[in-house]
*Asks:* 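Following this message is one structure expressed as structure tokens.
Quick caveat, the model's predicted, so the values are computed rather than measured.
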Amino acid sequence: IKDEVHRAAQFLLNMIGGLDTPTSGIVEIDGVNIARMNEDQLTEIRNEKIGFIFQFFNLIPTLTAQENVALPIQFARQRNFNPDKRAKELLGMLGLGDRLKHRPSELSGGQQQRVAIARALANNPPLLLADEPTGNLDTASGEVVMDALNMIRAEAGTTVVIVTHDVALAERADRVINLVDGQIVDSSQVANP
């Protein structure tokens with residue numbers, strides 16, 4: 001049943017991120033129904049307004065940490081940042097300033113996930129979607145990643161949506177929405193995010 005719940009939550013993230021289309025209802029970003037967009041428009045929205053953090057990092061193995069982070073900036077329609085400078089800044093902010101030239105295979109799981117977070121933030125998106133961001137990490141690395149996500153939320157005002165089975169992780173959120181069989185069964189504010 002855990003896998004079914006995760007699939008439903010993943011589908012929700014995919015709809016919010018414009019990767020899947022809802023069968024009913026609408027998904028709006030900045031007041032625009034993204035289900036009516038063509039693939040080029042969706043690609044632009046994903047690159048500029050939405051950051052994706054995946055459970056399995058999805059880093060390009062032949063690129064360095066800095067190159068992985070700079071890549072989305074190079075594809076942005078309007079570059080708001082110098083790719084290399086922004087990559088260095090984000091990796092430094094996430095404690096990886098000394099790992100810029102390392103490839104993913106030369107980094108720990110926690111370091112790879114922080115590179116993935118930096119890549120997701122490259123174009124300063126207002127929305128960050130994270131699928132089990134601590135799922136493949138040990139407890140200490142998971143704490144570092146969660147501290148980074150909380151810092152981003154607090155300092156940049158980024159909305160962070162996380163799918164997780166980790167109760168301790170959910171307790172650190174401002175709001176928790178529980179899904180059962182693809183339906184919202186509970187939505188509550190958390191007292192101490």
*Asks:* Cluster question for you: counting only ILVMFWY and a side-chain heavy-atom cut-off of under 4.5 Å, with indirect links fine, are Leu19 and Leu127 together?
*Replies:*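 Linked within one cluster.
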
*Asks:* For the residue pair Ala173 and Val176, what are the closest heavy atoms and their distance?
*Replies:* CB-CG2, 4.4 Å

*Asks:* Given the rule in the side-chain contact (heavy atoms from CB on, under 4.5 Å) test, do Leu96 and His102 qualify, once you have shown the distances and angles that lead to the verdict?
*Replies:* CA-CA 10 Å; Leu96 295 171; His102 290 74; over 6 Å; no

*Asks:* Using a strict 4.0 Å threshold on nitrogen-to-oxygen distance, state whether Glu106 and Arg103 make a salt bridge.
*Replies:* no

*Asks:* Atom CG of Leu128 and atom CD1 of Ile162: how far apart are they, to the nearest 0.5 Å?
*Replies:*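 It comes to 8.0 Å.
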
*Asks:* Are side-chain heavy atoms of Ile29 and Ile50 found at a separation under 4.5 Å?
*Replies:*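 They are in contact (side-chain heavy atoms under 4.5 Å apart), so the answer is yes.
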
*Asks:* Indicate if Val161 and Val27 have the same hydrophobic cluster label, given that clusters are the connected sets of ILVMFWY residues with side-chain heavy-atom separations under 4.5 angstrom.
*Replies:* yes

*Asks:* Among the clusters formed by ILVMFWY side chains lying less than 4.5 Å apart, do Met93 and Leu59 turn up in the same one?
*Replies:* yes

*Asks:* Look up atom OG1 in Thr62 and atom CD in Glu67, then write down how far apart they are to the nearest 0.5 Å.
*Replies:* 8.0 Å

*Asks:* Please report the shortest heavy-atom distance between Met151 and Leu94, naming the atom on each side.
*Replies:*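 Shortest heavy-atom contact: CE-CD2, 4.5 Å.
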
*Asks:* Counting distance only, does the side-chain N/O of Gln113 pair as donor-acceptor with the main-chain N or O of Pro133 below 3.5 Å?
*Replies:*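 Yes, Gln113 side chain to Pro133 backbone: donor-acceptor pair under 3.5 Å.
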
*Asks:* For a quick test of reading the model, state the closest non-hydrogen atom pair linking Glu48 to Pro126 and the distance between them.
*Replies:* O-CD, 4.2 Å

*Asks:* Nearest 0.5 angstrom please: Leu121 CG to Ile152 CD1, how far?
*Replies:* 4.0 Å

*Asks:* Should Leu91 and Arg99 count as side-chain neighbours, where that means a heavy-atom distance under 4.5 Å?
*Replies:*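 No, their side chains stay 4.5 Å or more apart.
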
*Asks:* Measure the CD-CD1 distance between Gln41 and Ile34 for me, rounded to the nearest 0.5 Å.
*Replies:* 11.5 Å

*Asks:* Are Arg153 and Asn150 close enough that some pair of their side-chain heavy atoms sits under 4.5 Å apart?
*Replies:* yes

*Asks:* Do Val32 and Met37 come close enough that some side-chain heavy atom pair is under 4.5 Å?
*Replies:* yes

*Asks:* Contact between Arg119 and Asn58 at the side-chain level, heavy atoms closer than 4.5 Å - yes or no?
*Replies:*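 Side chain of Arg119 against side chain of Asn58, heavy atoms only: contact under 4.5 Å found.
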
*Asks:* Which heavy atom in Ala120 sits nearest to a heavy atom in Pro125, and how many Å separate them?
*Replies:* O-CG, 3.3 Å

*Asks:* Does some side-chain heavy atom of Leu107 sit less than 4.5 Å from a side-chain heavy atom of Arg114?
*Replies:* no

*Asks:* Measure from the side-chain N and O atoms of Asn123 to the backbone N and O of Asn47, and report whether any donor-acceptor pair falls under 3.5 Å.
*Replies:* yes

*Asks:* With a 4.5 Å heavy-atom cut-off, do Gln66 and Asp84 have their side chains touching?
*Replies:* yes

*Asks:* Applying the 4.5 Å side-chain criterion to the ILVMFWY set and letting contacts propagate, would Ile60 and Phe54 be lumped into a single cluster?
*Replies:* no

*Asks:* Going from CZ on Phe52 to CD1 on Ile16, what distance comes out if it is rounded to the nearest 0.5 angstrom?
*Replies:* 9.5 Å

*Asks:* Which pair of non-hydrogen atoms, one from Ala70 and one from Ala87, has the smallest distance, and what is that distance?
*Replies:*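 Residues Ala70 and Ala87, closest heavy atoms: N-CB, 4.0 Å.
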
*Asks:* What distance separates Lys85 NZ from Ile73 CD1, expressed to the nearest 0.5 Å?
*Replies:*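 With rounding to 0.5 Å, NZ (Lys85) is 11.5 Å from CD1 (Ile73).
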
*Asks:* Would you name the heavy atoms of Ala122 and Leu90 that are closest together and state the gap between them?
*Replies:* CA-CD1, 3.7 Å

*Asks:* Report yes or no: do Leu42 and Phe11 belong to one cluster of Ile/Leu/Val/Met/Phe/Trp/Tyr joined by side chain heavy-atom distances under 4.5 Å?
*Replies:*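 Yes, Leu42 connects to Phe11 through the hydrophobic network.
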
